[in-house]
Amino acid sequence: MTAGIDDISIYIPRLFISASDFAYARGLDIQKLENGLGISKMAMVDTNQDPACLAANACLKIMQKNNLSPKDIGRLYIATESSFDESKAMNSYVIGMLEQVYGNESFEHCGGIECKFACVSGSYALYDNSNWIRAGEAEGKYALVVVSDIAKYDLRSSGEVTQGAGAIAMLLNDQPRLLQFDPKVTSTSIKNEYDFYRPFGKETPIVHGQYSNLLYLIQVKKALSTYKKKVFANGLIKLKHDETILDYIDYLNMHLPYSNMGKKALAYLLRHEWRNLSRWTNIIKKIKMQEPTPQNVKGTIESVLADSDFMKNDHIFTKLFVNTREFQDVYESKLASSLIASKIIGNLYTASLYLGFRSSLEFEFQKGVDLADKRIGFGSYGSGSSAMIFSGVIQPEYKQIVKDMNLEMEIGKRKKLSLEEYEEIHENKRNVDENILDSKKEFILIDVKTKNENHGKRTYKFNE
Ligand code: CAA
């Protein structure tokens, strides 16, 4: 039995901070944000929004667009790392909000949980729900998988430039109009790590930035190696002499904590995939530099990062490599379109990978490319840490979904926050009802109880 994504919707809060204002306020070179990290705007939540609101708004959009009623939905899963309760799952809040529109107990038949594994949990939720469909348990109903996050780092920390907020809802079924997942190739890697984590009661994570960058690359490479074994074993792709699996992936979507991380990941994976192919000999001739190797043979991430000569030379080598025509051709044809949305929205943690997918669909379609039958590869990473590689094929009916995609229209008119407003919201100095924007036809948070037996209880309403 088949399974895949039938439709996809996004909800992005309309407040943002601009990279130039931010760079000025923090005394950073704007080139670092715009060129080094690939960030021009970061979406921010208003005082009356939380990750459950974002998720409910994305769900409502996809249900209304497809004229679905709650009885069409069999499962509602939410993947997030911005959880605000240790016990009550975020999908229960979302169902509560949706029932304000669709009627009390209208989702009673529906199952689902909140999933956690940093940014990769949305991919696990997609995989598990696809298998629910493949197992024939869906009884003709859809699974709704929602990825929703507020990426928030401490003020003046190095992660502060990689924030953002938003939710993406994906409708899964056995006859998807958009993307059918390749069966029996989904591959994972997992290891107990402390690259990025958010202990109980802390609103922002503890981050080891450069460690997390390198760990992301290593984990994704490991998952890719398992993916290759599975793909070759089940005959999905057959390589000819001097080819790599990436030659058979038409588009690549990577987890994007910031848009340039996608480019870094592509460069890293291509270096490993091309190293033993004849094209690499030509590239090395052009670059006029041998690929550096770490002097310290311990092989730990710490020892690699501490090897300053290696790190410096590897950085130079990577820069030379990404400037070659060979790299640029792959970058422009397989990856670049997926990075556009991330530049103007920022980090969505669990939703970043799927924002990239959404971006790639819209901007490739706009170029006039026929996307039918194209194979899409996904590289998912979650700190802590786990990676997942999987793939799927765009279906003949995809135009029904992609033709109306328009990121700017879907976000709506955005409002730039002053740095003062941003810091007030960031530090929770404004009350829930001291919101900056008025919202219509959206779910908003109206109260969070702070006392006694109702401590932490949240109330939401649908703003007509
Ligand atoms: N002009 C142009 N470019 C500049 C520049 C300037 N003046 N100054 C720096 N740059 C470039 C650097 O060369 C670098 O580019 P390359 O990576 O291509 O070399 C880029 O800008 C970033 O510079 P640094 O690495 O020096 O920046 P930093 O030390 O401040 O750290 C960061 C960047 C690690 C991403 C940090 O913002 C951070 O910790 N972010 C949060 C953690 C994170 O996003 N980790 C990513 C992997 S983990 C993950 O993916 C899970 C998740 O979602 C969090």
Side-chain angles (χ1 to χ4, degrees), residues 19-20 22-24 26-40 42 79-82 116-123 147-166 191 193-198 204-221 223 253-268 271 301 305 308 310-323 327 331 339 342-343 345-356 379-388:
S20 50
F22 190 77
Y24 180 75
R26 296 286 179 261
L28 296 169
D29 184 349
I30 179 65
Q31 295 307 320
K32 174 175 173 177
L33 277 73
E34 291 197 333
N35 299 333
L37 296 161
I39 297 162
S40 67
M42 292 182 267
T80 184
E81 56 181 303
S82 319
K116 173 166 69 185
F117 203 133
C119 307
V120 74
S121 59
S123 304
V147 276
S148 179
D149 267 307
I150 299 172
K152 180 170 178 173
Y153 293 85
D154 286 335
L155 291 184
R156 294 172 192 83
S157 66
S158 71
E160 199 190 4
V161 289
T162 60
Q163 300 184 104
K191 188 164 184 273
E193 288 279 3
Y194 273 97
D195 57 324
F196 168 114
Y197 60 105
R198 187 165 69 85
T204 49
I206 294 168
V207 190
H208 304 292
Q210 299 303 341
Y211 189 97
S212 71
N213 273 347
L214 186 53
L215 186 60
Y216 166 130
L217 300 174
I218 291 169
Q219 291 289 36
V220 163
K221 182 167 71 94
N253 292 292
M254 300 303 301
H255 167 53
L256 301 174
Y258 50 95
S259 78
N260 278 8
M261 189 67 208
K263 196 174 188 180
K264 264 169 121 69
L266 179 66
Y268 186 82
R271 278 173 65 177
I301 295 177
L305 291 172
S308 54
F310 167 73
M311 289 304 290
K312 195 171 116 224
N313 288 330
D314 197 64
H315 194 248
I316 296 170
F317 184 88
T318 306
K319 292 281 169 219
L320 292 170
F321 174 50
V322 300
N323 284 329
F327 176 85
Y331 171 73
L339 310 184
S342 170
K343 284 188 180 128
I345 293 171
N347 192 0
L348 305 188
Y349 286 162
T350 51
S352 296
L353 174 62
Y354 301 99
L355 181 68
S380 193
Y381 175 70
S383 294
S385 75
S386 178
M388 183 186 282

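Predicted model only: the values in this text are computed from it and were never measured. Numbering of ligands and ligand atoms starts at 1, following listing order.
Annotation: side chain to side chain contact (heavy atoms under 4.5 Å, CB included) contacts of Lys221 (sequence neighbours excluded): Tyr268, Leu269, His272. Checked against side chain to side chain contact (heavy atoms under 4.5 Å, CB included), Ser383 has the following partners two or more places apart in sequence or in another chain: Ala118, Asp195, Phe196, Tyr381. For the side-chain hydrogen bond (donor to acceptor under 3.5 Å, both in side chains) test, residues two or more places apart in sequence or in another chain that qualify with Thr80 are Asp149.
A distance of 11.5 Å separates OH of Tyr354 from CG of Leu256, quoted to the nearest 0.5 Å.
Within the 3.5 Å criterion, the main-chain N or O of Tyr349 finds a donor-acceptor partner in the side chain of Ser352.
Taking the six-membered ring where the residue is Trp, Tyr194 and Tyr197 present perpendicular rings, their angle passing 60° and hence far from 30°.
Sorted by chain then number, the residues whose non-hydrogen atoms approach ligand 1 to under 4.0 Å are Asp29, Gln31, Lys32, Gly36, Leu37, Cys119, Tyr153, Ser158, Gly159, Val161, Thr162, Phe196, Val207, Gly209, Gln210, Ser212, Asn213, Tyr216, His255, Pro257, Tyr258, Lys264, His315, Lys319, Asn347, Tyr349, Tyr381, Ser383.
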